[in-house]
Every structure is written in structure tokens, then in C-alpha cells.
There are 2 protein chains.
Amino acid sequence: MTATDRPFGLNNLAYQILGVVTRLPRSGYDIVKQLEHFRPAKTSQVYPTLSKLESAGLVSAEDVEQLGRPNKKVYSATEAGRQALIDWIGTEPEAPYSRDDFLTMIYSGWLASPDEVRVLVDGKIVRLDRQIAQMQSDIARLVALHPQEMHDPGHWRFYRNSLLNRRLMVAQAERVWCLSLLYQLSGATDD
Amino acid sequence: MTATDRPFGLNNLAYQILGVVTRLPRSGYDIVKQLEHFRPAKTSQVYPTLSKLESAGLVSAEDVEQLGRPNKKVYSATEAGRQALIDWIGTEPEAPYSRDDFLTMIYSGWLASPDEVRVLVDGKIVRLDRQIAQMQSDIARLVALHPQEMHDPGHWRFYRNSLLNRRLMVAQAERVWCLSLLYQLSGATDD
DNA sequence: GAATCCATGTAATTGGTTACATGATTCA
DNA sequence: TGAATCATGTAACCAATTACATGGATTC
């Protein structure tokens, strides 16, 4: 399925933004911050996408005047927007795309010394540990504040929790792999 | 670090291609096939990138005439190309980028019925199982054919094996998560 | 006084996909 | 006879990043 085959020609980012404003109404600025950890996008991509969604009638904007801060537009999903999301969920997801410098570096790790690769992997473990700690505290906070919603698949927090757990599990698996690589590298000395 | 900060202005794809032809000399067509499972790219992106690498002196091309097939250009890394890769491995990798329709759909799964989400997750498990079986057979073949290279961090097959194992571990973790989500969903009936 | 937060956007460039163009050989 | 494999490229378009532009309020 190509972008132009999809209803309204929406891409992954558009559906992600639509999903965000269906959970809770938000400004463009808030959407960018919300996306940061899960599916990062810059303002230069988010604002035009919001305009597109609005002219397609999938979101509606309300002007909110503020004191001491710039005014903002708060976007929420329309009924048509909700329905477009539900319809999309019923279609085949495209193959995921990813680009990872760390893995591309590992790919050619045999050219460098084991010590250089160790440094690279150590750095990765540090970043993974930070992410793991963050996700664990996010999960703890979520289940403490909204315990009953964690069991209700009709509530968005059920899926927020589920996706946080998924990222945590994947990060932990990546961490185990890093350690196993360091172990295999430990047999080799650097001269 | 932006693309223009990097030496020669190479991006992730350029370094990946450089890594491929440093392992073994290959044609553009072969490179595309080689990349398929690990870091997919189309011919329309690979051929121009090869030209760029060649004019930067990081790869060299040899014309090979063939009988019964179109002639081809076989690319290999130059010494400068090897060194550019090693230098890059010593720099900080940029944050990985990824885009995943399946996860974006799950994000808004609360809007759909539990049954619709089940179908989505079932499909994901099928795809994961196929990938897991493929990786397991790739790994088995690799260790059977080149057992001694599996322990040598100075050989590229050591890292091929390591990266295959990583993908396998991550896919298995994803699979476990899928099953746990199906289990949590099984409490909910569809009306 | 400098940095960060809030807030919305546009312009230029790079990265990636789809579609087009060509043509022989092999396999079902 | 039709599809797949081998083989190299270009043109048009869509997706994403970087840089630019503005400006008040708060925090260090």
C-alpha cells in the first residue's frame, strides 16, 4: 500500500498525530513533546501535517488565548478522524523502517580493534540503562496513578502501558546482547 | 553531528554500502540484495550513492563482462574507504530512527474492538515467526560452514553472526510481548 | 545576562520511495 | 507464455532534517 492508496493520503506520522489528539486535545507544541520518546518529529513536519489533517476534516482546531504565554491552537480529533484511525487499524501495516548508526558501525566492527568496539558497546549500554530506568519509572507512575485503567483495553492508558512494557522488554533484550558481545570480545586482546 | 559535518558528507546508507563492499566486492545489484534483510534500500538510492563513494575515492569499480547476462560493475573498498569506516566507528552514533505502522496502530488500539487488535497482533506473530525461523536457519548455516570464524572478532563473519543473534533475540522478545498482550486482551469479550 | 520554556510557522536541503526505461536468460 | 533473475540507471515525488524567523515569561 502506497501513501496515495491510503484514505486521505495519510502517512505514518499523520496517523500518529491523529492518535495523539484522539487521546487528548493538544497544541502543535505539545504534540511534538508528546511524540519525542515514541516517534520523534520536528515542528517543521508536525505543523504542516496538522494543517493537512484539519483541511481533511479529521481534526478540528480551537484558538486558545493565554496570558503571559503565546496564544495557541488546540487540536482534537473529529468523529471522521476517529473513524479514519479505526479503519486504518484494519489494514495491513507496512514493513517497519529503521536506520541505526550503532548497528551499521557494529557491522564493520571487524575492521576496528576489539577495544574500539568495546567503547562503542559500552556507550550503547549507558544509553540503554538510561532509557530502561526512564521507562521503569514511567510504568511505575502510570500504574500507581491509574491502576484500574491498566486492565481496560477500551482505555488508551492500557495501550500506553503495554507499549511502554514492550519498549522495556526490547531494550532489556538489547542490553543482554551487548553484554554477550562484550563477553565474546573479552577473549581477544588488543595487540 | 549533521551529514555535512561527517567526513565526505556520508550518511548511514553510504557507510552501510561501504561496509558491504569492504567485506566482499559486489555489484550494485548484489548490494541491494545484500542489504534487503538488514538495512533495505532501493536501486534508485544505491546507484547514486555508489557514484558518490567512487568520486570520493572510497570505493573503486571494475567492469566485468559476462556471457548470457548483462555486464556489471564490481565495487570494492579502497584503503581510504576502509579508513573512513574505521574513523566513523570512533564517533558518536546518532540516535536511531524508526517508523513502524504496527506500533502506531497499537497506540490507537483502544479505539478498535479487542477482536480487531487480536487480528493485528496475530498477523504480527506470523511475521515474527517467519523471521525467527529464517534467522535461526541463517545462523545454523553460518556456524556449520565457518565454525572457527565465529570466535574471531577480526573476521566479518563474527559480526554477521553477532548481529543475526541480536535480531533473533529482539524478535523473540517482541514475540513474548505479543503473547502477553493477547493474554491481557483475552479477559475482554467483544460486545 | 544567558538559557530555557512556551508557541507557530516557512525555506532549503537531504533522504527515501515509486515509477519509468531497457533487455537477455532461465525456469515453471 | 508469463514470471523471475540479472543488471544499471533516471525522474518525479514524498518524508524528514536543518536552518531561519519571531518574541514574551521564567528561571538560573
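All values derive from a computational prediction rather than experimental measurement. Just so it is clear: chains get the letters A, B, ... in the order the sequence lines come, proteins before strands, and each one is counted from 1.
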Enquirer: Given C:dA7, is OP1 or OP2 found less than 4.0 Å from the side-chain N or O atoms of A:Gln66?
Expert: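 Answer yes for this pair, as a side-chain N or O of A:Gln66 is under 4.0 Å from OP1 or OP2.
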
Enquirer: With a cut-off of less than 4.0 Å, is there a side-chain N or O of A:Tyr29 near OP1 or OP2 of C:dT8?
Expert: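 Negative; the distance criterion is not met.
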
Enquirer: Write down the distance between CG (B:Leu50) and C1' (D:dG9), rounded to a whole number of angstrom.
Expert: 12 Å

Enquirer: Which nucleotide wins on minimum distance to the side chain of B:Lys73, given the candidates D:dT8, D:dA16, C:dT17?
Expert: D:dT8

Enquirer: If the cut-off is 4.0 Å, is A:Gln45 near the phosphate of D:dA16, judged by side-chain N/O to OP1 or OP2?
Expert: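 Yes.
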
Enquirer: When the distance from CD of A:Gln34 to P of C:dA7 is rounded to whole Å, what number comes out?
Expert: 14 Å

Enquirer: Tell me which of B:Ser44 and A:Val74 sits closer to the 5' end of DNA chain C, going by the nucleotide each one is nearest to.
Expert: A:Val74

Enquirer: Under 3.5 Å, side chain of A:Asn165 to main-chain N/O of A:Asn161, donor-acceptor pair present?
Expert: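 Side chain of A:Asn165 to backbone of A:Asn161, a donor-acceptor pair under 3.5 Å: yes, one is there.
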
Enquirer: Does A:Glu62 pair with A:Lys73 as a salt bridge, N-O distance under 4.0 Å?
Expert: no

Enquirer: Starting from P on D:dA16, measure out to NZ on A:Lys52 and report it in whole angstrom.
Expert: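 To the nearest whole Å, that distance equals 10 Å.
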
Enquirer: So which protein nitrogen or oxygen atoms get under 3.5 Å of nucleotides 26-28 of chain C's nitrogens or oxygens?
Expert:
none

Enquirer: If you assign A:Pro70 and A:Ala41 each to the DNA chain D nucleotide with the nearest heavy atom, which residue ends up on the more 5' nucleotide?
Expert: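 First, find each residue's nearest nucleotide; the 5'-ward one identifies A:Ala41.
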
Enquirer: Should A:Ile17 and A:Leu35 count as side-chain neighbours, where that means a heavy-atom distance under 4.5 Å?
Expert: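 The answer is yes, as the side chains (C-beta and beyond) meet within the 4.5 Å cut-off.
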
Enquirer: Closest approach to the side chain of A:Ser27, judged atom by atom: which nucleotide of D:dA7, D:dA15, C:dT8 is it?
Expert: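 Among the listed nucleotides, the one closest to the side chain of A:Ser27 is C:dT8.
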
Enquirer: Is there a donor in the side chain of B:Asn12 and an acceptor in the side chain of B:Arg39, or the other way round, less than 3.5 Å apart?
Expert: yes

Enquirer: Rounding to an integer number of Å, can you tell me how far A:Asn11 CG sits from C:dG15 C1'?
Expert: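 My rounded result for the distance is 15 Å.
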
Enquirer: Which of the following nucleotides, D:dT10, D:dT8, D:dT18, is nearest to the side chain of B:Lys72?
Expert: D:dT8

Enquirer: Say whether A:Asp138 and A:Gln134, considering side chains only, have a donor N or O and an acceptor N or O under 3.5 Å apart.
Expert: yes

Enquirer: Please classify the nucleic acid contact of A:Asn12 as base, sugar-phosphate, or nothing, using heavy-atom distances under 4.0 Å.
Expert: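 A:Asn12: no heavy atom of the nucleic acid under 4.0 Å.
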
Enquirer: With a 4.0 Å limit, can you tell me whether A:Lys42 has a side-chain N or O closer than that to the phosphate oxygens OP1/OP2 of D:dA19?
Expert: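 Result: no.
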
Enquirer: Round to a whole Å and report the spacing from CG of B:Asp30 to P of D:dG9.
Expert: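 These atoms are roughly 14 Å apart.
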
Enquirer: Taking atom C1' of D:dT8 as reference, at what distance in whole Å does atom CZ of B:Arg26 sit?
Expert: 18 Å

Enquirer: Run the ring pair (Phe, Tyr, Trp, His ring centres under 6.0 Å) test on B:Tyr107 and A:Tyr15 for me, step by step, so that the C-alpha distance in whole Å, both residues' side-chain angles and the decisive distance to 0.1 Å come before the verdict.
Expert: CA-CA 10 Å; B:Tyr107 184 94; A:Tyr15 283 113; over 10 Å; no

Enquirer: 5'-most contact on DNA chain D: B:Arg99 or B:Ser51, nearest heavy atom basis?
Expert: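 Residue closer to the 5' terminus by nearest nucleotide: B:Ser51.
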
Enquirer: Taking atom C1' of D:dA15 as reference, at what distance in whole Å does atom OH of A:Tyr97 sit?
Expert: 10 Å

Enquirer: Rounded to whole Å, how long is the line connecting atom CG of A:Asn71 with atom P of C:dG9?
Expert: 12 Å

Enquirer: Given D:dG9, C:dG9, D:dT17, which nucleotide is nearest the side-chain atoms of B:Tyr47?
Expert: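 Given the options D:dG9, C:dG9, D:dT17, the side chain of B:Tyr47 is closest to D:dG9.
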
Enquirer: Verify the distance criterion only: is there a donor paired with an acceptor across the side chains of A:Gln83 and A:Asp87 at less than 3.5 Å?
Expert: yes

Enquirer: Does A:Arg39 make a side-chain N or O approach to OP1 or OP2 of D:dA15 shorter than 4.0 Å?
Expert: no

Enquirer: May I ask you to verify if any side-chain N or O of B:Lys33 is less than 4.0 angstrom from the OP1 or OP2 atom of D:dT5?
Expert: no

Enquirer: Should B:Leu103 and A:Leu13 be regarded as members of a common hydrophobic cluster, given that ILVMFWY residues are connected when their side-chain heavy atoms come within less than 4.5 Å of each other, either directly or indirectly?
Expert: yes

